[in-house]
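Following: one structure in structure tokens, then a few remarks.
Letters A, B, ... mirror the listed sequences (proteins, then strands); counts begin at 1.
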2 protein chains.
Amino acid sequence: MMTMKDVAEKAGVSISTVSLVLNNHDAGRVKPQIAAKVRQMAEELGYKPNPMARSLRTSRTGILGFVSEQIQGIPYTSKALQGAQDATSRYGYIILLVDTDGSARQVEQTSTLQRYGVDGFLYSKPSSQVTEVPEELVHSPLVLISTNTVDNRFPIVEPNEFAIGYDATKRLIDSGAKKIAYIGNAKPTITQATRLEGYRRAFKEAGRTFDDRLVVNVGNNDPALEMVSRLFDEQHPDAFFCYDDSRTWYVYECAARRGLTIGKDLSVIGVGNLDFIVDTFTPKLTTIAIPEYEMGYWAACKLISLIEKRSLGPHPFPDELSNLPAIDAASPAKVHCRLIENESVISK
Amino acid sequence: MMTMKDVAEKAGVSISTVSLVLNNHDAGRVKPQIAAKVRQMAEELGYKPNPMARSLRTSRTGILGFVSEQIQGIPYTSKALQGAQDATSRYGYIILLVDTDGSARQVEQTSTLQRYGVDGFLYSKPSSQVTEVPEELVHSPLVLISTNTVDNRFPIVEPNEFAIGYDATKRLIDSGAKKIAYIGNAKPTITQATRLEGYRRAFKEAGRTFDDRLVVNVGNNDPALEMVSRLFDEQHPDAFFCYDDSRTWYVYECAARRGLTIGKDLSVIGVGNLDFIVDTFTPKLTTIAIPEYEMGYWAACKLISLIEKRSLGPHPFPDELSNLPAIDAASPAKVHCRLIENESVISK
DNA sequence: CTGAAAGCGCTAACAT
DNA sequence: ATGTTAGCGCTTTCAG
């Protein structure tokens, strides 16, 4: 590994000059020719700064801590992590990972991150429950991913559940469906309530009346399949909006048993990834995936803008994400996630 | 953050003494009482070493680089990452993440990791293809996860596909199934071949003759559902072993259309996570998940043992994993992954 | 047995 | 405009 010393010797200047130049602090301080030479030498030698040494002086590391609390075994956060990773590497940061089970070890692990001098935290918890932000995190810049918190102290990137419900329903309406059922979650989560709101709004805007016989909320221990079966037989819906992969599955199963073909006899839009997991789906099912990747990406951008105390500009996203809003704007409905700014109050 | 200086002052000794003691180099060098006092003070002050500063001297960081190449959007590695993370934090290491698309940026990102002074790499690529190990990685301790490589220079932790095929088939045989079909992959991957071997071996050991009419290999673009349908109607199998979630789905669909109930009329064991995704499965489906978590955990243990040049002992696993083999032993069939030692040849 | 001192690679205030 | 210098927190050799 080349050091500044090597560059300095090769360029025939002192280490401090090199430092000045390579950190772009040379404006009006170092003679342009010298600066150019230094830069060239650095390039030639393939010099890369040693982040450890740098952080020892500056206490800025270019490291972001990604803390995720996983529900046992469910790799919920993985796509958000990937998004965060992409954004992060784009801006020259890197991610230190802590995956915790929320136990006492979390504190320990988080403080480990702190010792490594992370510049800020991303905190992700796959829960629709309202939770508290771990105390250890609130002393650094922090952006939450998809976590409902009791206080509104930190920016949050979260799914736009209303938009999901609205969008799915509207698409079914636009496709010509007459009787659109909603297979929801019996547990009264915020997600459930908000999606249903979106569903109702789409109905309302289309001039249709809401019919609660078309809404079946099933739990995880209910005889769910039977409940959906009954809906089929009593209401004969021609379209379904499903809360998640499980619910989509029930509809699928019921349809198959009745010789009905999805995409022909029935339209189904489910939240989840079932069509992805079962990648050669015949017939066609439409799913709306929670935009985890985008949330991770966005959250990381927000965190970096917080750390560097500057706006990242209107287009911090790679091409595929270009339909995402600018980092500081409200999210349009067509993207199913949004940023809640919450002024970040860092208690030191 | 407390520093050694603080501890030294508080204990009334010099910094070097503190260093000696806290690194356990005090045997016969520091008076036991003094050592005790130092330790106590460190404890009281909550002193934690600064890894950055330490690595500046020792060039050991306690950081492991996790490099994963993702197929676009498939968060395949996430569980392996979680396993690695668990093992890693157990031994006081921490994971720096690089998630790459295999492009030119990979080199850049990997060298970023190198600058952060990672002690070693975990490399994971979700592919049954034979690939080369990225050149940038071979200069550090390296353990591969689930990656078939052209050369055998590095230790690999990989799924034991034979055991999966054998185990699934044997379980179906033991459950009393008469006609066990295999829905495989038309693409002739190593995975496919090895699983089929396991299937055949189980047949052989049970004294049954292999009947290739019961094997249907479907591709991703085939009229897969039709092919499985035909198998149903021509052979009337009473059990299925399925290559992955897609194939399991086909069986499920065909069964539903015929009014057959899995778990009653049919036994199905599929490789994958379908029963997990559709978490309230009715009726019961059995899946064998690729032990990604375990592979990650194991690989990290192996890597650490490589870095520290010591055996981690026979029980490096948490309780839930205690049925996994010792880090240096061959894997028994009951765990569906194995370690291939491959002497690690680090070219400096 | 303990402390002083050098130095890892880098930054930045201070001299020149 | 450039160089000198003093550390950041830690390890380790070498004197005492």
Rounded to the nearest 0.5 angstrom, the CD-CZ distance for B:Glu308 and B:Arg60 is 6.0 Å
Testing C:dT2, D:dT2, D:dT12 for proximity to the side chain of B:Ile34, the answer is C:dT2
Smallest heavy-atom separation, A:Leu113 atom then A:Gly65 atom, equals CD1-CA, 3.7 Å
Next on the checklist: Quick one: does any side-chain atom of A:Thr88 pair with a main-chain N or O of A:Ile95 as donor and acceptor, under 3.5 Å?
Outcome noted: no
Picking from D:dT13, C:dT11, D:dT2, the nucleotide nearest the side-chain atoms of A:Thr58 would be C:dT11
Taken to the nearest whole Å, CZ/A:Arg60 to P/C:dT11 is 11 Å
| field | B:Asp119 side-chain N/O to B:Leu64 backbone N/O, donor-acceptor pair under 3.5 Å | value | no
From OH of A:Tyr116 across to P of D:dG9 the rounded distance in Å is 17 Å
* To do: State whether the side chain of A:Asp6 and the backbone N or O of A:Thr3 hold a donor-acceptor pair below 3.5 Å, judged by distance alone.
  => yes
Overall bend of the helix from C:dC1-D:dG16 to C:dT16-D:dA1 (five pairs an end, 10° steps) is 60°
When rounded to whole Å, the NE2 to P distance for the pair B:His25 and C:dC1 reads 18 Å
A:Asp26 atom CG is separated from C:dT11 atom P, nearest whole Å, by 13 Å
### Query
Between B:Thr147 (side chain) and B:Ile145 (backbone), is there a donor-acceptor pair under 3.5 Å?
yes
In whole angstroms, the gap separating P of D:dA15 from CZ of B:Arg29 amounts to 14 Å
Per-nt protein contacts along nucleotides 4-10 of chain C (heavy atom under 4.0 Å; B base, S backbone sugar-phosphate only, - none) come out as BBBBBBB
Paired with B:Gln40, the side chain to side chain donor-acceptor pair (under 3.5 Å) test is passed by just one of B:Lys37, B:Glu44, B:Glu43, namely B:Glu44
Atom CG of B:Leu45 and atom P of D:dG9 are separated, to the nearest Å, by 15 Å
query = Backbone N or O of B:Gln114 within a donor-acceptor pair of the B:Glu136 side chain at under 3.5 Å?
reply = no
